Amino acid sequence: MNIEFNTDEWYDHHRRKVVWFSAIVDEKCIDCGISIEALADHFDAFYDDPLPAFRTQRARIWEIATKLIDQRRFEDDGTIIIRSADL
């Protein structure tokens, strides 16, 4: 399985309070995200501006997302969400 990530992160506080990013898995785009709680708990993110913490920890977050994709831990809507327990 070939997994590549894009540097297209965005914060949508209306949609599950998650910082979103995308992965291309075997030419299919998958929305991935990390909860604000996970970013705050493990990477000292600020709730009102979590993107700097995400960008600082991007490599680690992508590593965890890769593991979840490999384990096929998709949400019901087909997304991958990293939570505090995953870190």
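It should be emphasised that the depicted structure is a prediction, and the values quoted were computed from it without experimental measurement.
With sequence neighbours excluded, the residues satisfying side chain to side chain donor-acceptor pair (under 3.5 Å) with N2 are E4. With sequence neighbours excluded, the residues forming a side-chain contact (heavy atoms from CB on, under 4.5 Å) with R58 are T7, E9, F54, R55, W62, listed by chain and number. Under the rule for a salt bridge (Lys or Arg N to Asp or Glu O under 4.0 Å), D44 has no partner lying at least two apart in sequence or in another chain. With sequence neighbours excluded, no residue forms a side chain to side chain donor-acceptor pair (under 3.5 Å) with T66.
The shortest distance between side-chain heavy atoms of K17 and Y47 does not fall below 4.5 Å. Considering only heavy atoms from C-beta on, I80 stays 4.5 Å or farther from E75 through its side chain. Counting heavy atoms from C-beta on, the side chains of W10 and V19 never come closer than 4.5 Å. Residues D86 and R73 form a side-chain contact, since some pair of their non-hydrogen atoms from C-beta on lies under 4.5 Å apart. Here the side chains of C32 and I82 are not in contact, with every heavy-atom distance at 4.5 Å or above.
The hydrophobic cluster around I24 extends to none of the other residues, as no ILVMFWY side-chain heavy atom falls under 4.5 Å of it. The hydrophobic side chain of F46 is isolated, with no ILVMFWY side chain under 4.5 Å apart from it.
Linking ILVMFWY residues whenever their side-chain heavy atoms come closer than 4.5 Å, directly or via other members, leaves V18 and F21 in distinct clusters. Linking ILVMFWY side-chain heavy atoms closer than 4.5 Å, directly or via other members, places I3 and L68 in a single hydrophobic cluster.
Of all heavy-atom pairs between S84 and E37, the closest is OG-O, 3.8 Å.
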Using the side chain to side chain contact (heavy atoms under 4.5 Å, CB included) rule, take I30 and F5 through it: C-alpha gap first, then chi angles, then the decisive distance, then the call. CA-CA 10 Å; I30 296 175; F5 292 95; over 6 Å; no
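Exactly one residue among I81, I34, D8 makes a side chain to side chain contact (heavy atoms under 4.5 Å, CB included) with W20. That residue is I81.
H42 NE2 to S35 OG: the interatomic distance, rounded to the nearest 0.5 Å, is 8.0 Å.
Using a 3.5 Å distance cut-off with no hydrogens or angles, the side chains of T79 and D31 do not pair a donor with an acceptor.
The environment of E63 atom CD is dense: over 12 non-hydrogen atoms of other residues, nucleotides or ligands sit within 6.0 angstrom.
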